[in-house]
Amino acid sequence: MVELTLPYESRMEEAHAFKEGKYLDSTKELKKGGYVAKVMPVEIGARGFVGSSAYCLRRKLSICGNKRTKALRLLAETAENSSRWIWSRRNERLLHKD
């Protein structure tokens with residue numbers, strides 16, 4: 001399972017550790033049931049910085065060459081655009097829990 005997180009760049013290591021721990025019990029249960037389970041947290045900073053976990057993911061998925069460059073660029077652009085979208089709508093009621 002790939003878990004994509006968009007933390008602030010200063011919190012990328014903390015976010016990675018949190019996501020690994022979050023799914024630890026689920027992974028153990030799946031393994032007890034005879035499944036192969038692997039959690040791969042990936043962090044792309046809120047401003048588009050690609051964390052080292054994204055490089056590890058593309059290596060594990062055997063994405064290399066031009067495809068690797070395009071995939072990492074697309075991840076960064078998507079993260080940055082998503083953050084911009086959320087920021088532009090920060091005052092809208094739909095984004096807040098009541």
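Here, residue 1 is the first one in the sequence, and each next residue gets the next number.
Considering all non-hydrogen atoms of both residues, P41 and K19 come closest at CB-CB, 3.7 Å. Residues G51 and Y55 share a closest heavy-atom pair of O-CD1, 3.4 Å. When all heavy atoms of V42 and S53 are compared, the pair lying nearest together is CA-OG, 3.3 Å.
For residues 55-65, no residue pair satisfies the salt bridge (Lys or Arg N to Asp or Glu O under 4.0 Å) rule, not counting sequence neighbours.
No donor-acceptor pair under 3.5 Å is formed between the side chain of S83 and the backbone N or O of E80.
Grouping the Ile, Leu, Val, Met, Phe, Trp and Tyr side chains by contacts below 4.5 angstrom, directly or via other members, places L61 with V2. Put simply, M40 and V50 are part of the same group of oily side chains (I, L, V, M, F, W, Y) that touch within less than 4.5 Å, one to the next. M1 and L30 fall into different hydrophobic clusters, where Ile, Leu, Val, Met, Phe, Trp and Tyr side chains are chained together by heavy-atom contacts under 4.5 Å. A single hydrophobic cluster is seen to contain both L72 and I44, as judged by linkage of ILVMFWY side chains at heavy-atom distances under 4.5 Å, directly or through other members.
Atom CG of residue N81 and atom CG of residue L74 lie 9.5 Å apart, to the nearest 0.5 angstrom. Here the straight-line distance linking atom CG of L75 with atom NZ of K70 works out to 14.5 Å at 0.5 Å rounding. Between the CD atom in E43 and the CG atom in L57 there is a gap of 10.5 Å [rounded to 0.5 Å].
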List, one per line, each side-chain donor-acceptor pair under 3.5 Å for residues 5-14, sequence neighbours excluded.
from	atom 1	to	atom 2	distance (Å)
E9	OE1	R47	NE	3.3
E9	OE1	R47	NH2	3.4
E9	OE2	R47	N	2.9
R11	NH2	E14	OE2	2.8

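Legend: residues meeting salt bridge (charged side-chain N to carboxylate O under 4.0 Å, His left out) with R68, ordered by chain and number and at least two apart, are absent.
A cation-pi contact links R90 to W87, judged by a cut-off of 6.0 Å to the six-membered ring centre and 45° from its axis.
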